[in-house]
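Numbers for residues simply follow the sequence, beginning at 1. The model shown is predicted, which means the values in this text are computed figures rather than measured ones.
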Amino acid sequence: MPYQPNVRETNSNTRLSDAHRDAAVDLLTSHVASGRLTIEDFDGRAAQAYAAVTRADLDDVFRDLPAPVASTLVASTLIEPQSPQRPPMSRELLTWASVGVLCLTIWAVTSVATGNFLYPWPVWVIGPWGAMLALHRVTGMPMGCTSR
């Protein structure tokens with residue numbers, strides 16, 4: 001059973017587990033997120049929580065903080081986060097064009113320096129990359145790896 005402040009057991013000298021201490025620090029983190037604690041206050045209280053041996057030691061950490069609100073009440077008051085807008089592809093296109101120009105420049109300089117028309121290898125850098133950018137633009141699929 002994770003630690004819950006303001007829930008009195010018959011024996012406040014019950015020794016704590018690491019899970020109780022971690023739950024207490026998670027609860028302190030929620031108090032920081034709600035604005036009840038500053039970062040400096042959190043640091044001190046977290047140190048106390050990790051050093052606590054008994055429930056009584058942990059109860060002192062939460063003495064001036066309100067009891068946790070039932071999760072059903074918290075869930076009903078939270079605003080549903082909106083999905084972030086996908087930024088325009090200008091950064092991807094600029095990177096692709098810059099790398100393409102760099103590859104073409106290297107190819108052109110080496111062709112002129114050797115006096116021969118070298119195999120146009122930049123097409124293998126510019127082509128597939130550009131095709132993927134076009135595919136992402138047309139289909140609207142997200143760029144990069146996505147976790148599900």
Side-chain angles (χ1 to χ4, degrees), residues 1-110 119-148:
M1 174 182 203
Y3 177 76
Q4 296 177 353
N6 302 327
V7 175
R8 302 283 180 217
E9 288 186 1
T10 55
N11 185 4
S12 63
N13 290 327
T14 304
R15 293 184 70 86
L16 298 170
S17 68
D18 288 339
H20 285 110
R21 291 180 196 91
D22 290 338
V25 171
D26 288 343
L27 191 55
L28 286 171
T29 303
S30 69
H31 285 295
V32 171
S34 65
R36 290 187 191 97
L37 294 175
T38 64
I39 296 297
E40 293 80 21
D41 197 19
F42 169 79
D43 287 341
R45 289 177 190 237
Q48 280 181 296
Y50 282 126
V53 176
T54 64
R55 275 190 77 82
D57 297 336
L58 261 185
D59 287 341
D60 290 339
V61 173
F62 291 95
R63 186 123 356 247
D64 62 340
L65 294 172
V69 179
S71 61
T72 55
L73 293 176
V74 172
S76 66
T77 60
L78 290 177
I79 298 172
E80 186 69 26
Q82 295 181 0
S83 62
Q85 292 278 337
R86 197 169 146 244
M89 290 183 57
S90 60
R91 184 180 324 159
E92 288 91 356
L93 290 174
L94 181 62
T95 304
W96 171 74
S98 300
V99 170
V101 167
L102 177 67
C103 290
L104 286 172
T105 303
I106 292 170
W107 171 77
V109 167
T110 54
Y119 179 77
W121 59 266
V123 74
W124 295 109
V125 176
I126 298 168
W129 190 357
M132 291 308 295
L133 285 175
L135 177 70
H136 287 293
R137 174 71 67 132
V138 169
T139 63
M141 292 181 348
M143 298 290 290
C145 297
T146 57
S147 59
R148 293 179 191 240

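Here CG of L58 is found 8.5 Å from CG of L28. Values are rounded to the nearest 0.5 Å. From D22, atom CG reaches atom CG of L16 across 11.0 Å, with rounding to the nearest 0.5 Å. Remark: M132 CE to E92 CD distance equals 12.5 Å, nearest 0.5 Å.
With contacts defined as side-chain heavy-atom distances shorter than 4.5 Å, the pair H31/L27 qualifies.
One N or O on the side chain of H20 and one on the backbone of S17 form a donor-acceptor pair closer than 3.5 Å.
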Under 3.5 Å, which donor-acceptor pairs do the side chains of residues 99-109 form with other protein atoms, sequence neighbours left out?
{"unit_1": "T105", "atom_1": "OG1", "unit_2": "V101", "atom_2": "O", "d": "2.7"}
{"unit_1": "W107", "atom_1": "NE1", "unit_2": "L118", "atom_2": "O", "d": "3.1"}
{"unit_1": "W107", "atom_1": "NE1", "unit_2": "Y119", "atom_2": "O", "d": "3.1"}

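Partner R63 forms a side-chain contact (heavy atoms from CB on, under 4.5 Å) with one of D60, L65, V61 and no other, that one being D60.
By the salt bridge (Lys or Arg N to Asp or Glu O under 4.0 Å) test, D41 is found to be paired with R45, residues two or more places apart in sequence or in another chain being considered.
Here the closest non-hydrogen pair linking A52 and R21 is O-NE, 2.8 Å. Nearest heavy-atom pair, I126 versus W96, reported as atom, atom and distance to 0.1 Å: O-NE1, 3.0 Å.
Within a 6.0 Å radius of CH2 in W121, more than 12 heavy atoms belonging to other residues, nucleotides or ligands are found.
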